[in-house]
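One structure is given below, encoded as structure tokens.
Every number for a ligand or one of its atoms is a count from 1 in the order of the listing.
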Amino acid sequence: MIILRTVSDVSRFVSEQKGRNASIGFVPTMGALHAGHLSLVEKAVSENDVVIASVFVNPTQFNNPNDLATYPRKEEDDFRLLAEAGVTAVFAPSVEEIYPGGVEAHAGHKFDLGQAAEVMEGKYRPGHFQGVAQIVSLLFRIVTPDRAYFGEKDFQQIAVIRNMVKSENIDVEIIACPIKRADDGLALSSRNSLLTSEQRKLAPEIYAALKDSVEYSLSHSVQATHDTVVERIDAVPGMKVEYFEIVDARTLVKIDEWEESPWVVGCITVYCGDIRLIDNIAYRLPK
Ligand code: AMP
């Protein structure tokens with residue numbers, strides 16, 4: 001696996017690959033890799049001639065400075081896992097390489113991300129999706145992939161990135177990949193390593209509540225389904241739901257009745273102590 005540190009390293013590598021007509025799959029990450037990230041890599045490897053992964057903790061998408069400071073970083077392990085998974089090249093730039101002169105010098109452009117960016121994460125993490133759009137669009141322009149792979153754990157992020165690609169006129173196919181979970185159901189996340197062992201034991205209650213609520217939803221209203229999930233999770237010591245919204249999966253607008261949409265997803269954010277975890281579940285899928 002080739003390690004690329006600079007934009008010009010990537011440009012050179014990409015033009016060599018394009019010169020031989022290779023298709024390029026791209027998996028952007030913030031590192032501290034786990035089997036969730038590797039499932040994206042696996043799919044990318046199976047669908048493209050070469051795969052580029054990026055490892056970059058993007059400062060502009062953190063609205064909470066403490067979250068940025070404590071975000072886990074494990075570059076050596078990440079490179080080993082990516083190489084084992086069959087990645088051709090990893091792009092792991094410095095902050096200065098991506099934002100020359102500092103992040104403030106790059107704050108100008110506002111992305112049109114549509115209504116999908118206004119709700120849920122957009123509401124609770126101001127500026128987060130502008131930061132995501134900024135880094136993902138930059139990486140797309142540097143890497144120029146044919147296909148880019150994203151996890152459904154960040155369900156809203158995929159919708160926002162699709163909107164960004166449209167409004168910025170970037171020619172790339174966005175591929176959504178299913179959530180990878182630990183054996184006890186907890187969605188894999190780099191932030192899980194920040195949980196205490198006690199919190200880690202309790203955290204699977206998030207998915208347990210979501211999963212059980214799918215059957216409950218067949219005979220109960222949207223509001224009752226919402227409430228049963230929130231009450232169950234809030235009853236766990238040290239856990240607090242920040243939001244739980246049951247939405248149309250395409251628009252991310254809240255629904256009041258199950259009949260309003262053929263594709264309905266519940267998106268949740270839970271604080272386990274100071275650690276913020278997200279997850280989601282499908283209540284209805286299009287036939
Ligand atoms: P991150 O490093 O958290 O920015 O994540 C990089 C990519 O991996 C994003 O597209 C995430 O949605 C995806 N991802 C993270 N966790 C999981 C998971 N448990 N299952 C599937 N994809 C994931």
Side-chain angles (χ1 to χ4, degrees), residues 25-47 51-64 67-68 70-75 77-79 81-82 85 87 90-93 98 116 120-121 125 128-129 131-140 143 145 147-165 172-195 200 203-204 206-207 210-211 249 252 265 267-270 275-282:
F26 179 46
V27 183
T29 82
M30 296 205 299
L33 301 181
H34 50 65
H37 299 108
L38 298 177
S39 70
L40 273 52
V41 168
E42 204 176 295
K43 191 163 165 64
V45 167
S46 74
E47 296 179 350
V51 172
I52 302 176
S54 62
V55 173
F56 180 66
V57 181
N58 174 40
T60 71
Q61 72 189 69
F62 285 81
N63 54 315
N64 175 345
D67 190 22
L68 174 61
T70 58
Y71 200 84
R73 291 159 209 251
K74 306 177 176 173
E75 189 175 91
D77 291 345
D78 291 344
F79 288 0
L81 291 168
L82 292 172
V87 164
V90 60
F91 179 38
I98 293 294
M120 299 192 288
E121 294 296 277
R125 298 184 71 185
H128 169 65
F129 283 131
V132 169
Q134 182 181 29
I135 186 61
V136 174
S137 64
L138 247 165
L139 290 170
F140 281 175
V143 175
R147 303 182 188 87
Y149 296 79
F150 293 89
E152 285 181 340
K153 182 172 83 77
D154 300 279
F155 194 86
Q156 187 178 8
Q157 175 172 272
I158 298 179
V160 170
I161 287 171
R162 286 192 201 281
N163 289 348
M164 180 277 286
V165 161
V172 60
E173 187 183 349
I174 303 298
I175 299 189
C177 306
I179 304 176
K180 272 269 174 194
R181 299 182 178 281
D183 290 343
D184 57 18
L186 179 64
L188 296 179
S189 164
S190 305
R191 290 187 175 86
N192 291 352
S193 66
L194 303 173
L195 298 170
R200 178 62 190 81
I206 300 169
Y207 181 58
L210 290 176
K211 205 166 77 164
L252 304 183
V265 174
C267 297
I268 197 162
T269 296
V270 179
I275 311 304
R276 189 173 184 275
L277 301 179
I278 67 173
D279 204 343
N280 63 80
I281 198 149

Look only at interatomic distance and state if Ser39 has a nitrogen or oxygen under 3.5 Å from any nitrogen or oxygen of ligand 1.
-> no
In terms of atom number and element, which parts of ligand 1 are under 4.0 angstrom from non-hydrogen atoms of Ile179?
-> 20 (N), 21 (C)
Do me a favour and list the nearest non-hydrogen protein atom to atom 12 (O) of ligand 1 with residue, atom name and distance?
-> Asp154 OD2, 2.6 Å
Identify the closest protein heavy atom to atom 20 (N) of ligand 1: which residue and atom is it, and at what distance?
-> Lys180 N, 2.8 Å
So, Asp279 and Lys211, do they make that salt bridge, N to O below 4.0 Å?
-> no
Is a donor on one side and an acceptor on the other found under 3.5 Å between the side chain of Arg147 and the backbone of Ile175?
-> no
When you look at CD of Glu42, are more than 12 heavy atoms from neighbouring residues, nucleotides or ligands closer to it than 6.0 Å?
-> no
Per-atom contacts, ligand 1 versus Phe150 - under 4.0 Å to a heavy atom | 10 (O)
In terms of residue, atom name and distance, what is the protein heavy atom nearest to atom 21 (C) of ligand 1?
-> Pro178 O, 3.4 Å
Point-to-point distance, once rounded to the nearest 0.5 Å, from CD of Glu121 to NE2 of His128 = 6.0 Å
Would you say Met120 and Ile278 make side-chain contact, with heavy atoms under 4.5 Å?
-> no
Atom 9 (C) of ligand 1 [closest protein heavy-atom partner, distance rounded to 0.1 Å] | Gly151 N, 3.9 Å
Side chain, backbone, both or neither: the part of Pro28 lying under 4.0 Å from ligand 1 by heavy atom = backbone
Can you check whether Phe56 reaches Leu139 side chain to side chain, under 4.5 Å on heavy atoms?
-> no
Working to the nearest 0.5 Å, report the span between CD of Gln157 and CD of Gln61.
-> 7.0 Å
Pick, from His34, Met30, His37, the option with the minimum heavy-atom distance to atom 5 (O) of ligand 1.
-> His37
Ligand 1 to Leu188 polar contact by distance, N or O atoms, under 3.5 Å = yes
How does Leu40 reach ligand 1, by side chain, by backbone, by both or by neither, if only non-hydrogen atoms under 4.0 Å count?
-> side chain
Shortest protein heavy-atom distance from atom 3 (O) of ligand 1, along with the residue and atom involved | Tyr71 OH, 3.8 Å
Relative to the heavy atoms of Thr29, which atoms of ligand 1 are at a distance of less than 4.0 Å?
-> 2 (O), 6 (C)
Give a yes or no answer on whether the side chain of Asp67 reaches the backbone of Phe62 with a donor-acceptor pair at less than 3.5 Å.
-> no
Between the CD1 atom in Ile281 and the CD1 atom in Ile206, the distance rounded to the nearest 0.5 Å is 12.0 Å
Compute the shortest N/O to N/O distance between Ser190 and ligand 1 and return yes if it is under 3.5 Å, no if not.
-> no
